Every structure is written in structure tokens, then in C-alpha cells.
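Please read through the structure below; I'll follow up with questions.
For reference, positions follow the sequence shown, starting with 1. Order of listing sets the numbers, starting from 1, for every ligand and every atom in it. From a predicted model like this one, the values you see are computed outputs, not experimental measurements.
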Amino acid sequence: MAGQSNRGQGPRPPSSLVDTAVRAAELQFERTLIQVRGETVGSIAALSHPGGQGDAANYGEVFLRDNVPVMLYLLLKGRYGIVRHFLEVCLELQSSAYQSRGAFPTSFVERRGELLADYGQRSIGSITSVDASLWWPVLCWLYVRRSRDEDFGTSQRVQRGVQLLLDLVLHPGFAGTPVLFVPDCAFMIDRPMDVWGAPLEIEVLLFGCLSSCSRLMELAQRGQRSRWLEQRLLLTRQWTHDLRRYLLQHYWVTSKTVQVLRRRPTEQHGEQQARNAFNVQPQVIPPWLQDWLADRGGYLIGNMRTGRPDFRFYSLGNALACLFRLITAPQQRALFRLVLHNREHLMAQMPMRICHPPLEGDTWREKTGSDPKNWPWCYHNGGHWPSLLWYLAGAVLLHEQRYPRTDGLLMGQARALLEQGYWLQLNQLPRQQWAEYFDGPTGTWVGQQARTHQTWTIVGFLLLHHLLRVQPQDASLLDIHGP
Ligand code: GLC
């Protein structure tokens, strides 16, 4: 058992294959960095597109979500100046329009000396991106804690930015629930995929965002107490608490909870209604869930809406729920068990699949608007994104650090799974020019419309390498609740 749990941790002989891949990734990564006002600010989304020049899409812009792994990597490397500049430019672009006040842009770029920001409306399909805004306080807090730049954290502009963002989130709504309602396409999945309402990734990010805002406000409180800030803190903490309770109650499923769900009464109202708050009919529970959950697996479902829960598994939302400690330690282990059990689907030839299962047939036609890019097993619709694996690696390593000596066998298997994923990426990504995503049920084919030299593929691999080979202890950087 001990041998198993140590797999992948011991010292290794230097391998030129590894060194070559890491060196190549480092070089490509430097090429993705661009400047704003003469100072490096972050990375463009991708360096190239096989379709050739004149590629009209906006991959030459600095996307906030694509820069999450970039900023974390830069923090690990001690390149704090770039991260601070990035945070400052984002703050400068925080919307002041009266209908979107407080929102951060999806992406930005400098053109002829002018900063040009996109809040989603300039993107394909004129979408509303929400995740960028929720990521900003998380990155800001992780920067302040790692760099110890408390002056920045307590500065008026940061504290003002936090309050503007909180105004956008913490307000009464018709539903009276702690979740944030969003339209389709509000996060990494930014094409129609029936992920409107309260999709997991947004709600988990909201939890991370509110927790980070609290940490930043606590910092300001330490310097100078204010009754008003105290009230904001109380409200934020209460909201965070209610949100977590809501998600654990309505999104967490295991084999046991599904069996309870199947036998619940329907058409309940008033006091009785608590047993089936969303009036979900048992027929809605998909049969594939039986094998997917097996005996002791568990995960957060993709969405909860009246009568229509979304049982799809979303890798990023679940990994973030571990990292942000939204789910408890035993739930985290149930999630690792589930990933191990379904490795053929989730990892396959290129870890990891973005969501499972894909929408097919009429459902695909209806829900995606016949989107050819999101054909079943492609792109967002069950495609494989190498940039997602490091999040899971961070979750596993952080779990090991927080709860050492718990279920050594399981954690050893989880480590071995990451090792395998690492080798799969190492062997394929340099050859496949760090493609954006991979298609097909086994994730073997390079995405039909994938960009190459995609930044978060490159930097995701570098983070994975750092966490598995260089400094596993650095997983603590990702812990928003840590000291
Ligand atoms: C695509 C992806 C989105 C990403 C962007 C830039 O639009 O769907 O998640 O941020 O490309 O890489």
C-alpha cells in the first residue's frame, strides 16, 4: 500500500524527453506574453492557428480566464510585477456603465495605444461572460498573500473594485436564493450548451470569489476598522455560507442520494415541498448515472433548475469545488473515486474531458442551435482539454497536504492517475503543437478547429510539471482559505 501511495513521488533520473518538453513549453510561454503601456501584462490566448494568417478570431487578446493559470504560474516563479500590472489593468477596465457596473472584461488588448476591452458583447454570439469577474478577486487575493503586497490589497482602488463587484452580486433577487443566475455561455463554455441558470462552474466560482473578497476586506479591516465594512463582511460571509449549503444540498449526488431522489414524492408544495424542492420527476434521472457513480463515487451535478436538473459532469467546476473546499474532505475523496472509476471517459488519451456525456441527436440540435463546433465529443461538448488536468492535480495534492494519511490506497491511485495523465500530455502535446483541445470519444484527434500553441495548454502543462515534479508543496498557493 505504502509503495502504491508513493508512486510518482520518488526522485527520478533526469530525462531528456521531459527536459526537452519543459524547455519547449517555457520558450513558447514567453512568446505568449504581451505588453500594455510598455509593461508585460499577461498572455494572449493562442500563438497561432493552422488556418493561417488573418485569423479573425480574438485569440490575440488577453482573456482573463485563460490568464488564470498564467498568473498562478507567474506567482510560482516570483514574477509578481506582471501579476500586479495585470490586476491593475483589469481594475481600470472594470465596467462603469450603469447597466454592468462592476463587471470585469472577458478580454482586452492594446491597439494603437488604446486599451480595448470586450465584456462578451464583441465575442462570437454576443455573450455575457461572468466568470472573468468572479476570478479577479481570487487572483487578487492569491497575489496579495503570496507576494505579501498588502499595500496593494488594502489600497483604495482594490477595495473599491471589490465593493463594486459585490454590488453586482449581493443584491436581492426574485428567487431569494444565494445563487447567481446567468444566461447560456457565461463561462469557459461560451457557446450554447444549455448551461444557463445556475451552472456549477459559475456557482463554485462565486463561492471562491466571495471567500476571496472576504479575505481582502479582512485585510483592510485590520488596518482601519469601519462599521460599514464590518456590515459588508457579515453579509458576504452569510451569503458564502448560504451558497455552500445550497450547493451541497441540491447539487451533490452519490448512489445513496440518487436512490432517495428516485423515491421522492412529486407535486409537493408548501411545507412538504422541501423533500422535492424543484419538483424533479424520477424519470429525469439518467440511467448512465448508475455505473458512473458506482458504489462510493460522488460529484456535483452541472445545474439545478425547476424540473430539469443537469446531471452532466463538469470537470472544472468539480475540481474547483475541491480546491476552494466547497465540498468536504470525504466528498473530495468520493470525487477522486468517481474520476478513477470513469477514467476511460474523463482521461482517455488526452486528459481531461470538459463535460460528460455529450449532447447528441435532437438534443444537440435543439440545445446548441446545431453548432458544428460543438458536435458530440467535440470542443465544449465532451471534447478533451489538456488545460484542465492541472486543476485536478492541484485538488489531489492539496487534499494530500490537508489530510495526510487518509485513505492512502485511494490517494496513491489518484496520484498514479495524474502520473499517467502527465505522461500522456508530455508525449503528445509538443508533437501536437500544444493544441487547444482534442476531439472524439477517446480524445485522440486534435480538435477540428483547435488553435495551436494555445497558452493555457502550454502553461497548464508547466503547472502540472511544477506540481508533480518540482515543488508539490506549492499546491498550497491555490488554497484560498490557507494562511
Ligand atoms: C474559446 C473558449 C474560451 C476561451 C477562448 C480563448 O472561446 O471557448 O473558453 O477563453 O477561446 O482561449
Side-chain angles (χ1 to χ4, degrees), residues 28-29 31-34 42-51 55-72 86 90 104-109 116-136 139 182-196 199-202 205 314-317 319-320 352-355 358-359 368-369 371-375 378-391 433-439 446-461:
Q28 296 294 350
F29 171 64
R31 291 179 55 217
T32 66
L33 294 168
I34 61 162
S43 294
I44 56 171
L47 285 171
S48 47
H49 179 239
D55 175 30
N58 45 3
Y59 283 74
E61 299 191 9
V62 178
F63 277 74
L64 266 64
R65 76 168 72 85
D66 297 50
N67 272 272
V68 170
V70 171
M71 294 303 140
L72 296 175
F86 171 80
C90 294
F104 285 89
T106 315
S107 64
F108 62 84
V109 71
L116 188 63
D118 178 17
Y119 299 85
Q121 289 78 2
R122 285 176 46 240
S123 307
I124 297 171
S126 308
I127 53 172
T128 313
S129 120
V130 178
D131 61 338
S133 298
L134 304 177
W135 269 117
W136 187 88
L139 287 177
V182 296
D184 215 352
C185 320
F187 52 106
M188 176 185 180
I189 297 184
D190 58 1
R191 297 171 76 99
M193 274 281 289
D194 198 30
V195 286
W196 54 270
L200 181 68
E201 189 176 321
I202 289 293
L205 273 176
Y314 293 83
S315 297
L316 184 51
L320 288 177
M352 35 184 325
R353 181 171 298 166
I354 187 168
C355 74
L359 303 171
T368 71
D371 184 355
K373 200 165 177 182
N374 274 334
W375 189 248
C378 297
Y379 200 48
H380 299 141
N381 192 14
H384 288 240
W385 294 67
S387 54
L388 294 176
L389 183 60
W390 76 268
Y391 286 101
Q433 299 180 293
W434 310 95
E436 181 186 14
Y437 67 96
F438 291 73
D439 286 341
V446 174
Q448 196 252 327
Q449 294 188 42
R451 266 59 186 168
T452 51
H453 301 102
Q454 178 84 18
T455 302
W456 60 12
T457 302
I458 298 168
V459 81
F461 174 74

(request) Please write down residue, atom name and distance for the protein heavy atom closest to atom 5 (C) of ligand 1. (result)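 Closest protein heavy atom to atom 5 (C) of ligand 1: Phe63 CE2, 3.9 Å.
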
(request) Would you kindly specify which portion of Arg65 sits under 4.0 Å from ligand 1, judged on non-hydrogen atoms: side chain, backbone, both or neither? (result)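 The answer is the side chain of Arg65.
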
(message) Under 4.0 Å, heavy-atom basis, I'd like to know which part of Arg191 is in contact with ligand 1: side chain, backbone, both or neither.
(response)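 For Arg191, no heavy atom sits under 4.0 Å from ligand 1.
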
(request) Quick one: closest heavy-atom pair of Met71 and Leu139, and the distance? (result)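 Minimum heavy-atom separation between Met71 and Leu139: CB-CD2, 4.2 Å.
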
(request) Could you tell me whether some N/O pair between His380 and ligand 1 is separated by less than 3.5 angstrom? (result)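 Yes; the residue has a nitrogen or oxygen that sits under 3.5 Å from a nitrogen or oxygen of the ligand.
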
(message) Can you give me the closest heavy-atom contact between His384 and Arg353, atom names plus distance?
(response)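 Scanning both residues, the minimum pair turns out to be NE2-NE, 3.1 Å.
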
(message) For the 3.5 Å polar cut-off, considering only N or O atoms, please tell me whether Ile189 and ligand 1 meet it.
(response)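 Checking ligand 1 against Ile189, no N or O pair falls under 3.5 Å apart.
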
(request) May I ask which of Val68, Asp66, Asn58 has a heavy atom nearer to atom 4 (C) of ligand 1 than the others do? (result)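 Ranked by closest heavy atom to atom 4 (C) of ligand 1, first place is Asp66.
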
(request) Please report the C-alpha distance between Trp390 and Phe461 in whole Å, then the side-chain angles of each, then the deciding distance to 0.1 Å, and finally whether the ring pair (Phe, Tyr, Trp, His ring centres under 6.0 Å) criterion is met. (result) CA-CA 7 Å; Trp390 76 268; Phe461 174 74; over 10 Å; no

(request) Assess the side chains of Ser43 and Thr455: does a donor N or O sit below 3.5 Å from an acceptor N or O? (result)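 No, Thr455 and Ser43 have no side-chain donor paired with an acceptor closer than 3.5 Å.
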
(message) Quick check against the 3.5 Å criterion: does Asp118 have a side-chain atom that pairs as donor or acceptor with the backbone of Ser123?
(response)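 Pair found, side chain donor or acceptor close to backbone of Ser123.
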
(message) Heavy-atom pairs closer than 4.0 Å: do any link ligand 1 to the side chain of Tyr379, the backbone, both, or neither?
(response)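 For Tyr379, the contact with ligand 1 is made by the side chain alone.
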
